[in-house]
Chemist: 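I have a structure here, written as structure tokens, and I will follow up with some questions on it.
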Amino acid sequence: MQQTAVTKFMKVDRKDANLAMANIYVAFVALLLGGLAGLLQVLVRSGQFNLPKGIGYYQVLTVHGVLLGLILTTFFIMGFQIAAVSRTAGPLTNTQRKIGWIGFWLMTIGTAAAAVMVLLNEATVLYTFYAPLKAHWIFYLGLTLVVVGSWLLCVPQIMKYAQWRKENKGQTSPLLTFMAVVNCLLWFVATLGVAVEVLFMLLPWSLGLIERVDVLLTRTLFWYFGHPLVYFWLLPAYMAWYVVVPKIIGGKIFSDALARLSFMLFLIFSFPVGIHHQLTEPGIDGFWKFVQVVLTFFVVVPSLMTAFSMFATFEMRGRELGGRGILGWFKKLPWNDCRFLVPFIGMLAFIPGGAGGLVNASYQMNQLVHNTVWVTGHFHLTVATAVVLTFFGVAFWLIPHLTGRTLTPQLNFLGNIVGILWGIGMLIMSAAMHIAGLLGAPRRSEYSEYGGATQAYDWVPYQIAQAVGGTILFIAIIIITYMVIKLAFFAPKGEEEFPVAEVAPGAEKTPAILENFKLWGVLLVALIIFAYTMPLIDIIQNSPAGTKGFNNLW
Ligand code: HAS
């Protein structure tokens with residue numbers, strides 16, 4: 001059996017727990033407000049409801065996207081990862097924790113600044129950094145602070161990992177800490193694209209210092225960031241799938257080496273694929289679009305490895321418990337435990353969610369679905385179900401672990417209800433989005449813009465189905481908000497486990513090459529240079545500088 005240090009520290013240090021909880025509180029406030037905005041959106045799109053005076057549809061859409069896509073995710077991920085590092089590599093030092101707190105406050109101040117601008121309708125920009133939509137400079141500055149703050153929250157995780165490796169020479173590092181560090185590195189490299197875009201283009205543009213920006217260049221930099229962003233959301237869910245869920249079901253990690261390899265593959269293949277979001281944009285050569293489409297299929301491989309590993313873990317455990325036949329093991333899994341059931345529903349959703357991703361990535365097929373509400377259906381299955389339900393499953397044990405309380409049977413029951421409601425609500429909403437998308441219903445559009453007699457197909461039933469699904473989702477959000485308050489402040493005091501599984505006895509020893517960050521770093525840089533040099537040179541050379549060109553300058 002492999003030597004691992006995962007069981008040395010059983011609990012998250014109390015001071016680290018406070019830092020982690022601070023992040024988690026902000027995340028759940030964002031969930032409540034962002035979820036409310038989502039409810040308003042589906043109601044408006046159903047054609048049955050008008051927003052009260054003065055509030056615009058796109059304003060609400062911006063609140064929804066920013067709060068759920070950026071704020072909920074980034075704060076929750078930082079809270080979870082700080083806790084995971086403290087639990088598996090040991091308490092942070094005072095300096096490390098201080099850096100983390102500075103990061104937290106920068107993120108919070110930045111969030112508040114950006115929120116004020118959105119509420120004042122000065123930043124109704126949907127995608128956040130997506131020219132030609134222009135926001136107030138305070139909005140860009142606010143979100144820049146969120147990114148810089150998140151870097152500072154990553155710094156202690158990396159410092160702790162380096163410290164651990166120094167103190168434990170020759171040993172394989174704790175898997176959860178390793179995974180948190182890979183995700184932080186992915187985040188650093190990804191946000192460089194958006195940092196260049198904001199600092200050199202959008203901020204000076206919105207301050208009036210420059211007259212125009214090259215729209216295609218800003219979007220290419222945005223998508224250089226935007227695709228790894230989705231894996232920055234996904235990897236913490238995979239952390240829970242690989243390391244936490246096996247322990248909850250009483251099993252073991254199928255293979256430490258496979259888990260690390262899949263994370264390293266994500267690190268290198270997340271980047272050279274951003275152009276698959278721009279397949280319909282003029283100004284990028286078809287050859288480079290094709291190259292990035294092919295590379296997109298490489299980034300699917302670590303997800304297939306994860307699916308294989310999870311099936312193996314479940315089957316091994318189910319058979320250990322006496323399950324017989326082809327599917328007998330399936331019944332033996334702990335279906336009543338919300339710490340398992342809720343992430344499991346997320347895994348199930350990721351099967352069609354991932355398949356939809358393959359459709360999106362399939363070049364010609366992208367022509368059919370791009371800019372339709374199909375894409376909205378895709379990301380509600382991936383980030384809003386697979387990832388979010390896993391975060392909920394984590395919150396059910398992490399919050400009481402950090403606050404010194406327990407998940408009672410009643411709260412466990414409510415947790416299962418949340419998971420089931422979310423699964424049903426999202427099934428209805430995202431199925432309707434996928435079908436309406438195939439019928440050509442556009443995304444990011446208000447009912448009044450395409451409703452009524454002018455539409456080619458009758459999308460209305462699908463819009464109503466979306467409203468039904470969205471309402472069920474909002475009910476689930478109210479229940480989980482109640483649970484979070486209970487688990488943080490009122491549940492009985494006690495010890496809730498932070499589950500960390502050990503590696504299965506028969507698993508191969510982890511090769512040292514999987515922790516050789518220099519080697520993977522070289523591969524990463526080489527792939528980025530390969531995939532982006534020519535497209536960027538093309539865009540810059542061919543932009544009609546000085547004129548108000550059709551594609552580029554705005
Ligand atoms: Fe995507 C658009 C391609 C994954 C999120 N994606 C988006 C957007 C978002 C998003 C937010 O190529 C919209 C951006 C916008 O606003 O314009 N996506 C992919 C591909 C994958 C993929 C190839 N996406 C994700 C993930 C996301 C996410 C993950 C968030 C977390 N996506 C695209 C493309 C577009 C796009 C194009 C642009 C579309 C356009 O035209 O605008 C792959 O990574 C997917 C691989 C996944 C799998 C599934 C593996 C299944 C697993 C579960 C196993 C289940 C178990 C349960 C074990 C192959 C791991 C056990 C079950 C038992 C029964 C026992």
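For ligands, and for the atoms within them, numbers begin at 1 and follow the listed sequence.
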Chemist: Tell me the protein heavy atom at minimum distance from atom 56 (C) of ligand 1, and give that distance in Å.
Modeler: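 The closest heavy atom on the protein side is Met347 CB, 3.8 Å.
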Chemist: Flag the pair Phe28 / Phe75 as yes when their ring centroid distance falls below 6.0 Å, and as no otherwise.
Modeler: no
Chemist: Where does Tyr238 meet ligand 1, judged by heavy-atom distances below 4.0 Å: at the side chain, the backbone, both, or neither?
Modeler: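 The answer is the side chain.
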Chemist: Just going by heavy-atom distances, which of Ala349, Gly357, Pro352, Ala307 is nearest to atom 54 (C) of ligand 1?
Modeler: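 Heavy atom nearest to atom 54 (C) of ligand 1 belongs to Ala307.
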Chemist: Can you spot which of Val388, Leu389, Ile480 makes a side-chain contact (heavy atoms from CB on, under 4.5 Å) with Val342?
Modeler: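 The residue from Val388, Leu389, Ile480 that satisfies side-chain contact (heavy atoms from CB on, under 4.5 Å) with Val342 turns out to be Leu389.
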Chemist: Tell me whether Phe297 at atom CZ has more than 12 heavy atoms from other residues, nucleotides or ligands lying less than 6.0 Å away.
Modeler: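 Atom CZ in Phe297 is packed in, count exceeds 12.
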Chemist: Under 3.5 Å, N or O to N or O, is Ala361 touching ligand 1 that way?
Modeler: yes
Chemist: May I ask you to check if ligand 1 and Ser303 share an N or O to N or O distance below 3.5 Å?
Modeler: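 No, Ser303 has no N/O under 3.5 Å of an N/O on ligand 1.
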Chemist: Should you measure from each heavy atom of Asn366, which atoms of ligand 1 turn up under 4.0 Å away?
Modeler: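 Every atom of ligand 1 under 4.0 Å from some heavy atom of Asn366: 39 (C), 40 (C), 41 (O).
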Chemist: List the closest protein heavy-atom neighbour of atom 34 (C) of ligand 1: residue, atom name, distance to the nearest 0.1 Å.
Modeler: Asn360 CB, 3.2 Å
Chemist: Check whether any N or O atom of Tyr231, backbone or side chain, sits under 3.5 Å from an N or O atom of ligand 1, and answer yes or no.
Modeler: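 For ligand 1, there is an N or O atom that lies under 3.5 Å from one belonging to Tyr231.
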Chemist: To which protein heavy atom is atom 16 (O) of ligand 1 closest, and what is the distance rounded to 0.1 Å?
Modeler: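 The closest heavy atom on the protein side is Arg443 NH2, 2.8 Å.
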Chemist: Just to confirm my output: which protein heavy-atom neighbour is closest to atom 31 (C) of ligand 1, and how far is it?
Modeler: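 Result for atom 31 (C) of ligand 1: Val230 O, 3.5 Å.
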Chemist: Under 4.0 Å between a Lys/Arg side-chain N and an Asp/Glu carboxylate O for Arg260 and Asp256?
Modeler: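 Here Arg260 pairs with Asp256 in a salt bridge, since their nearest N and O are under 4.0 Å apart.
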Chemist: Could you work out, for atom 58 (C) of ligand 1, the closest of Met365, His277, Met305, Met310 by heavy-atom distance?
Modeler: Met310
Chemist: How many angstroms lie between CH2 in Trp397 and SG in Cys338, if you round to the nearest 0.5 Å?
Modeler: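 The SG atom of Cys338 is 12.0 Å from CH2 of Trp397, to the nearest 0.5 Å.
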Chemist: With Trp241, which of Thr390, Thr313, Thr306 fulfils side-chain hydrogen bond (donor to acceptor under 3.5 Å, both in side chains)?
Modeler: Thr390
Chemist: Contact between Leu192 and Val196 at the side-chain level, heavy atoms closer than 4.5 Å - yes or no?
Modeler: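 Leu192 vs Val196: side chains apart.
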Chemist: If I apply the N/O under 3.5 Å rule, does Trp223 come out as touching ligand 1?
Modeler: no
Chemist: Would the Trp187 and Tyr231 ring centres measure less than 6.0 Å apart?
Modeler: no
Chemist: Atoms of ligand 1 less than 4.0 Å from Ile351 heavy atoms?
Modeler: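 The list of qualifying atoms is 55 (C).
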Chemist: Could you identify the single nearest non-hydrogen protein atom to atom 65 (C) of ligand 1 and state the distance to 0.1 Å?
Modeler: Phe311 CE2, 3.3 Å
Chemist: Relative to ligand 1, is Phe297 under 4.0 angstrom through side chain, backbone, both or neither, heavy atoms considered?
Modeler: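 Phe297 to ligand 1: no contact under 4.0 Å from either part.
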Chemist: What residue and heavy atom of the protein are closest to atom 8 (C) of ligand 1, and at what distance?
Modeler: Phe379 CD2, 3.7 Å
Chemist: Do you know the tightest heavy-atom contact between Lys252 and Val503?
Modeler: CD-O, 3.8 Å
Chemist: I'd like the atom name of the N/O/S atom in His378 lying closest to atom 1 (Fe) of ligand 1.
Modeler: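 That would be atom NE2.
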Chemist: Could you identify the single nearest non-hydrogen protein atom to atom 28 (C) of ligand 1 and state the distance to 0.1 Å?
Modeler: Thr382 OG1, 3.4 Å
Chemist: Relative to the heavy atoms of His370, which atoms of ligand 1 are at a distance of less than 4.0 Å?
Modeler: 40 (C), 41 (O), 42 (O)
Chemist: Is the Tyr532-Phe271 ring centre distance short of 6.0 angstrom?
Modeler: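 Distance test on ring centres: not under 6.0 Å, no.
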Chemist: Counting from 1, what ligand 1 atoms have a heavy atom of Val300 closer than 4.0 Å?
Modeler: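 Going through ligand 1 atom by atom, the ones under 4.0 Å from Val300 are 59 (C).
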Chemist: Report yes or no: do Gln463 and Gln466 form a side-chain donor-acceptor pair below 3.5 Å?
Modeler: yes
Chemist: Tell me: protein heavy atom nearest atom 49 (C) of ligand 1, and distance?
Modeler: Phe350 O, 3.5 Å
Chemist: Thr296 heavy atoms, cut-off 4.0 Å: which ligand 1 atoms fall inside?
Modeler: 23 (C)
Chemist: Please could you name the atoms of ligand 1 that Gly354 approaches to less than 4.0 Å, counting only its heavy atoms?
Modeler: 45 (C), 47 (C), 48 (C), 49 (C)
Chemist: Taking the six-membered ring for Trp and the single ring otherwise, decide whether the centroids of Phe314 and Phe340 are under 6.0 Å apart.
Modeler: yes
Chemist: Determine whether the aromatic ring centres of residues Phe530 and Trp288 are separated by less than 6.0 angstrom.
Modeler: yes
Chemist: Between Thr296 and His276, is there a side-chain donor-acceptor contact under 3.5 Å, judged purely by atom types and distance?
Modeler: yes
